[in-house]
Amino acid sequence: MLSNTSDRPGLGYYDPPSTPFRTRRSLREGSRKARRAATKDFETKTMHDTLSTTPLRHALRRSAAATLSALSVFSVFAVTAALASSAYAAAPTPMKPGIYEEVVRGNNGPLTVRVTLTADRIEAVAIGDNYETDYIALEPIKNVAAEVVRRQRLDVDTVSGATESTTALLRAVFQAVTEAGGDLNDFLKAGAVDPATLPGKTVQADVVVVGGGGSGLTAALTAAKAGKKVLLIEKHETLGGSTALACCSLSKPSSLDAGDATPAGEALRKTEPQLLALLSELGVNVKNDNAGSLAVEGMVLVKKLEDAARAAGVEILTSTALYKIERADGSDGAVTRVLAQDGATRYEVDAPAVVLATGGFAYDIERIISTMPRWTALTPFATAAKTSTGDGIRIAETAGAAVFEDAHVIAGGLGARYAELDRAVALSGGIPNGVLVNGRGVRFVNEAVPDLTEKAAMEDITWVIFDAADAKRAETFSKYLTFEVVVDATDWLTLARRMGVHAETLAQTMKTYNEGVAAKKDAFGKPAEHLRAVTKTPYYAVRLWPRIAGTVGGLQTNEGMAVLDRAGKPIPGLFAAGETANGSLLKGAVPVGASLTEALASGLIAGEAAAKAGK
């Protein structure tokens with residue numbers, strides 16, 4: 001059973017919860033030796049002890065060592081790899097019956113899971129206290145828990161849009177089974193399901209849309225309104241994608257910078273009347289701020305689009321993943337069929353028009369490494385929908401589509417480990433009123449510039465420093481006093497040691513900063529309204545990571561969102577929309593609100609083109 005040895009909620013950051021309190025005390029005393037020990041404990045002992053059976057431990061070492069060293073223990077891919085490569089025992093090992101309460105690291109904070117075990121069964125898996133987002137993660141967690149009980153297996157697929165949360169759920173059950181003396185191999189099997197072994201079902205459609213985010217739903221609705229029979233398939237259990245995470249801003253197409261626009265981008269700009277008419281038709285309450293943007297709530301928009309698509313006759317299959325695009329033999333090589341599967345059925349969908357709207361590749365480590373390797377270690381901290389695994393791009397590339405070789409990220413700002421910390425950092429003016437330093441304790445940027453993501457990504461480590469002037473912020477920080485999350489001290493030398501940076505360098509950095517505040521002249525040019533002396537103890541340092549909100553690149557298309565082959569010619573019947581092909585839409589940095597505009601506007605264009613190509 002779980003026994004919490006500290007009254008600080010921050011201890012929930014350690015996984016498993018049995019991390020010795022003495023290690024944390026040593027950290028707070030600033031010992032470098034303890035820091036190294038805690039690092040080892042956190043990055044290796046966590047997985048080693050939690051997944052303690054010998055076969056699984058060896059599998060984890062083989063399949064995940066590279067990921068753990070290149071990224072961090074936070075990477076969900078390590079757990080996935082371990083599951084895939086584990087063998088299972090021939091005879092079950094008896095377990096000690098009981099209710100086991102486990103606390104693991106979820107996506108947004110500690111996740112409590114109560115696992116009821118009999119001698120040979122996982123009787124129940126219940127979700128307790130948690131910080132997960134209802135729309136994105138909580139329902140998938142409950143569904144995975146139910147699937148574990150139904151199938152009596154732990155090789156249940158994690159949910160693509162909630163990978164970290166559902167993996168955490170499985171990790172909690174791992175811990176419970178292990179604690180009860182069971183053998184994880186009894187609940188695991190090797191390998192993934194081969195779609196070719198599943199019973200097949202042939203489906204006819206005029207247009208197939210792959211992906212149920214903003215661009216896919218818009219494309220499906222547009223094609224259905226043109227009188228076409230439309231099938232939409234979505235690999236996640238719920239619709240929405242990154243559009244569901246969007247908050248507050250949608251740029252008017254006409255406001256996008258024409259100087260940076262491609263031919264496809266110019267076509268996008270011309271969709272403004274259609275886009276505004278669509279929003280009005282959906283009954284989406286938008287507020288025009290007369291500055292080129294509209295206030296739109298992503299989750300509301302997704303629900304409106306889904307309801308309209310279903311009303312227009314669009315058939316929607318969720319938890320169904322595309323795995324192949326087939327083309328006809330001959331000179332034109334038109335698309336003829338797509339193959340998809342839901343783990344129980346193989347769908348062979350005959351259709352003359354296909355729209356790929358599967359999102360970007362923020363979580364496709366292989367493509368991140370090949371196109372922009374310096375962002376690889378930041379992949380686990382991306383804020384894009386976790387369905388953004390680049391599979392649609394990869395499958396189209398296999399079918400002969402051309403892909404942009406250059407790519408860049410959509411900046412998602414800086415974020416702390418937990419959502420509550422993000423909210424605390426944002427108090428009293430947020431990061432612009434704080435002090436950013438790198439892993440050497442050196443300040444490197446004007447904290448008030450609009451986007452800090454790129455600057456921070458150039459550094460090895462980023463910390464933001466505040467004092468205790470804001471009592472509410474300080475109270476929150478004190479709850480998370482844990483290595484690599486939040487550290488505190490009453491003097492700069494001690495704070496530096498706990499951060500793991502050069503003590504004298506940090507002390508000089510803060511002395512220089514405070515002198516600049518007093519003189520109202522900052523060395524980095526930070527405006528006076530953001531200059532706040534950092535003098536009230538205790539001082540706090542919060543570890544931040546640059547976040548990837550999305551990617552720019554993907555499939556090459558023309559102005560009609562037709563996907564191009566490697567010779568630059570349109571592939572008949574194949575179209576793309578949204579982040580799957582946003583490299584064709586705008587060049588350079590993506591303005592705030594432009595991603596949502598690209599999703600909807602390109603969906604309109606692709607849906608119209610697919611309807612014309614459909615029979």
Side-chain angles (χ1 to χ4, degrees), residues 80 83-88 90 121-122 139-140 142-163 166 170 185-212 216 220 223-224 228-239 306 309-310 313-329 334-358 387 389-392 394-396 398-399 573-574 610 614-615:
T80 304
L83 289 176
S85 61
S86 299
Y88 61 94
R121 282 182 56 82
I122 301 171
E139 282 306 310
K142 292 178 180 178
N143 291 336
V144 169
E147 191 70 0
V148 167
V149 174
R150 185 183 71 83
R151 294 179 53 196
Q152 290 297 298
R153 304 205 66 87
L154 293 176
D155 52 3
V156 174
D157 288 339
T158 57
V159 177
S160 298
T163 308
T166 48
L170 292 175
N185 291 325
D186 294 340
F187 300 95
L188 295 168
K189 66 181 180 181
V193 175
D194 180 359
T197 65
L198 299 174
K201 179 179 180 179
T202 301
V203 179
Q204 305 290 332
D206 299 327
V207 176
V208 176
V209 177
V210 185
K228 302 301 178 181
K229 181 181 179 182
V230 180
L231 172 67
L232 184 148
I233 60 176
E234 163 60 50
K235 68 180 180 180
H236 194 284
E237 292 184 340
T238 57
L239 303 177
E306 178 186 356
R310 292 186 186 278
V314 176
E315 181 182 358
I316 298 176
L317 298 177
T318 57
S319 300
T320 303
L322 173 75
Y323 67 90
K324 188 176 183 181
I325 297 171
E326 293 186 350
R327 298 174 61 184
D329 296 331
V335 169
T336 58
R337 172 186 290 182
V338 299
L339 304 180
Q341 58 88 19
D342 62 4
T345 303
R346 181 183 73 255
Y347 295 95
E348 300 175 354
V349 186
D350 297 322
V354 176
V355 178
L356 295 177
T358 54
T387 48
T389 54
D391 44 337
R394 184 170 54 254
I395 292 167
T398 301
L574 186 59
K615 59 185 178 182

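Counting begins at 1 with the first residue of the sequence.
The side-chain heavy atoms of Leu239 and Thr318, taken from C-beta on, include a pair separated by under 4.5 Å. Residues Leu198 and Thr345 have side chains not in contact (no heavy-atom distance under 4.5 Å, counting atoms from C-beta outward).
A side-chain contact (heavy atoms from CB on, under 4.5 Å) with Leu322 is found for one member of Val349, Leu356, Val354 and no other, namely Leu356. Each of Val208, Val209, Val207 was evaluated against Leu232; a single residue qualifies, Val209, per the side-chain contact (heavy atoms from CB on, under 4.5 Å) test.
Between Phe187 and Gln152, the closest heavy-atom pair is CD2-O, 3.3 Å. The minimum heavy-atom distance between Ser319 and Glu237, with the atom names listed, is OG-CG, 3.3 Å.
Listed for the Lys201 side chain is no donor-acceptor partner under 3.5 Å among the backbone atoms of Glu348. Looking at Asp342, its side chain never comes within 3.5 Å of a backbone N or O of Thr320 through a donor-acceptor pair. Using modelled atom types, no side-chain atom of Lys324 and backbone atom of Val338 make a donor-acceptor pair closer than 3.5 Å. Remark: side-chain polar atoms of Glu234 are paired, donor with acceptor, to backbone N or O of Gly212 under 3.5 angstrom. Side chain of Thr398 to main chain of Arg394: a donor-acceptor pair is present (N/O by atom type, distance under 3.5 Å, no hydrogens or angles). No side-chain donor-acceptor contact under 3.5 Å links Arg337 to the backbone of Ile325.
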